[in-house]
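Since the structure is predicted, the reported quantities are computational estimates derived from the model, not experimental observations.
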Amino acid sequence: AWIGRDADVEAKGATGLGITALQSENVFLIAAGGSGGGTAGIAGSATVGILDNETHAYIDHGATINGDNTGAAAGQDIALSASDTTEILAIAGTITVGGTASVGAGVDVEAITKSTKAWIDSGVTANARGDITVDATSSESITSIAVGGGFGGTAAVNVNATVSILDITTQAFVDHGASASDGAVLTADGNVRIAADEKLDLDLIAGNISGSGTAAVGAGAAVPVITKTTTAFIGDHAKVTGKGGGGSVTVKTGAFHANP
């Protein structure tokens, strides 16, 4: 969602201007395998989830928002918001039974790339009698389970693994200007908030049980690879004024808690 380059927009009503990009995913993956044989039982299962999301809300370079704000309503805001919510439950499982040998493998792989951004570009002039807010919010709740069981008269081998590769970028900003004359100029009679918020809840479970009369081998691995960038900033040469009139806005403190 965006307002284009060099656009001239007036939004003088009580609600002002809102630019919102919203995306959500609720994904359920399940793969199950089973086999039984008088001599050998072999089974495998795999779930693979690949997401590549872009959720952007912005005002492009050189746009003017409420350049002449005469007659604007008292509650007139300018609000940009980008939000992406992801929920994934993935299950891969096997069970094998063989009179002599059993072999089972279950794997879940999640590869997720997300870019959630809200911004006001350089060269933008924007005025509001209320607040100017730029918010980027991203959240992920991922549960990945790979389990298996195998039983053989002589040998049983089971391997289960979960691998989650996450590359998550969440940004809210007023962009840099190339020079003082190119910086954004934002004026709010109320408040100005530039905020980025990212939350990840990741549960990886890998396990198996193997049984045989002679040899049983089981291996489980849970491998998270996580890259996260969360930033909120006002760029070089931008001129941002929040006069503090009217009500208040809520902001995050940056505090967090870790449970032992």
Side-chain angles (χ1 to χ4, degrees), residues 1-24 52-85 113-138 167-198 229-252:
W2 71 92
I3 291 177
R5 188 180 183 92
D6 298 321
D8 190 345
V9 177
E10 292 187 357
K12 297 183 178 181
T15 57
L17 174 67
I19 303 169
T20 301
L22 177 64
Q23 185 166 199
S24 65
D52 189 354
N53 294 352
E54 287 191 353
T55 311
H56 295 169
Y58 63 95
I59 300 174
D60 210 345
H61 178 85
T64 300
I65 311 298
N66 303 325
D68 178 3
N69 213 21
T70 304
Q76 176 204 44
D77 295 331
I78 297 174
L80 287 79
S81 177
S83 177
D84 189 356
T85 302
T113 302
K114 296 175 62 176
S115 171
T116 308
K117 297 182 180 181
W119 76 92
I120 296 175
D121 210 343
S122 60
V124 170
T125 298
N127 299 293
R129 290 196 63 191
D131 303 323
I132 297 177
T133 56
V134 181
D135 298 306
T137 305
S138 180
D167 187 353
I168 301 168
T169 301
T170 309
Q171 293 183 314
F173 58 94
V174 179
D175 210 357
H176 303 284
S179 63
S181 61
D182 189 48
V185 180
L186 311 181
T187 305
D189 290 347
N191 305 284
V192 176
R193 178 181 66 208
I194 314 295
D197 187 21
E198 156 60 25
T229 301
T230 306
T231 57
F233 63 88
I234 296 174
D236 297 339
H237 302 299
K239 299 176 182 177
V240 179
T241 303
K243 298 180 180 180
S248 60
V249 295
T250 301
V251 296
K252 300 286 187 177

### Pairs meeting criterion side-chain hydrogen bond (donor to acceptor under 3.5 Å, both in side chains) with involvement of residues 72-81, two or more places apart
Asn69-Gln76
Side-chain atoms of residues 4-13: list all donor-acceptor pairs with protein atoms under 3.5 Å, sequence neighbours left out, distances to 0.1 Å.
unit_1	atom_1	unit_2	atom_2	d
Lys12	NZ	Asp68	O	3.0
Lys12	NZ	Thr70	O	3.0

### Query
Quick one: OG1 on Thr116 to CG on Leu22, what's the gap to the nearest 0.5 Å?
10.5 Å
### Task
List in chain and number order the residues that pass side chain to side chain donor-acceptor pair (under 3.5 Å) with Asn127, two or more places apart in sequence or in another chain; answer none if no residue qualifies.
none
### Any pair counted as salt bridge (Lys or Arg N to Asp or Glu O under 4.0 Å), so long as it reaches residues 176-190, sequence neighbours left out
Asp189-Lys243
### Message
Holding to side chain to side chain donor-acceptor pair (under 3.5 Å), I want the full list of residues that pass it with Thr231, two or more places apart in sequence or in another chain.
### Response
Gln171
### Query
Which atoms form the tightest heavy-atom contact between Gly130 and Ala188, and what is the distance?
O-CB, 3.5 Å
### Task
Would you give the length of the straight line joining atom CG of Asp197 to atom OG of Ser138, rounded to the nearest 0.5 angstrom?
9.0 Å
### Summary
Sorted by chain and residue number, the salt bridge (charged side-chain N to carboxylate O under 4.0 Å, His left out) partners of Asp135 (sequence neighbours excluded) come out as Arg193
### Summary
d(His61 NE2, Ser122 OG) to nearest 0.5 Å is 5.0 Å
### Message
Restricting to side-chain contact (heavy atoms from CB on, under 4.5 Å), what partner residues turn up for Thr113, sequence neighbours left out?
### Response
Asp52, Asp167
### Query
Rounded to the nearest 0.5 Å, what separation is found between the CD1 atom of Ile194 and the CD1 atom of Ile132?
8.0 Å
### Task
Would you name the heavy atoms of Ala196 and Ala232 that are closest together and state the gap between them?
N-CB, 3.9 Å
### Query
Does the pair Thr229 and Ile168 meet the rule for a side-chain contact (heavy atoms from CB on, under 4.5 Å), with working shown?
CA-CA 6 Å; Thr229 301; Ile168 301 168; over 6 Å; no
### Query
Who passes side-chain contact (heavy atoms from CB on, under 4.5 Å) against Thr85, sequence neighbours left out?
Ser24, Ser83, Ser139
#### Entry: Distance-minimising heavy-atom pair for Ala136 and Thr170
O-CG2, 3.6 Å
Could you pull out every donor-acceptor pair under 3.5 Å between side chains of residues 172-181 and any protein atom, sequence neighbours left out?
unit_1	atom_1	unit_2	atom_2	d
His176	ND1	Asp236	N	2.9
Ser179	OG	Ser181	OG	3.1

### Summary
Looking only at heavy atoms, the pair that brings Asp60 and Val124 closest together is O-CG2, 3.2 Å
#### Entry: Non-neighbouring partners of His56 that pass ring pair (Phe, Tyr, Trp, His ring centres under 6.0 Å), sequence neighbours left out
Trp119
### Contact check, side chains of Ile120 and Leu80, non-hydrogen atoms, under 4.5 Å
yes
### Message
Does any part of the side chain of Ile19, heavy atoms only, come nearer than 4.5 Å to the side chain of Ile59, both counted from C-beta?
### Response
yes
### Summary
In this structure, NZ of Lys239 is separated from OG1 of Thr125 (nearest 0.5 Å) by 10.0 Å
### Task
Sequence neighbours left out, what passes side-chain contact (heavy atoms from CB on, under 4.5 Å) with Gln23? Give chain and number order.
Glu25, Asn53, Thr55, Asp84
### Message
Return the CG to CD1 distance between Asp131 and Ile78, rounded to the nearest 0.5 Å.
### Response
10.5 Å
### Message
Tell me every residue that passes side-chain contact (heavy atoms from CB on, under 4.5 Å) with Ala73, counting only those two or more places apart in sequence or in another chain.
### Response
Ala14
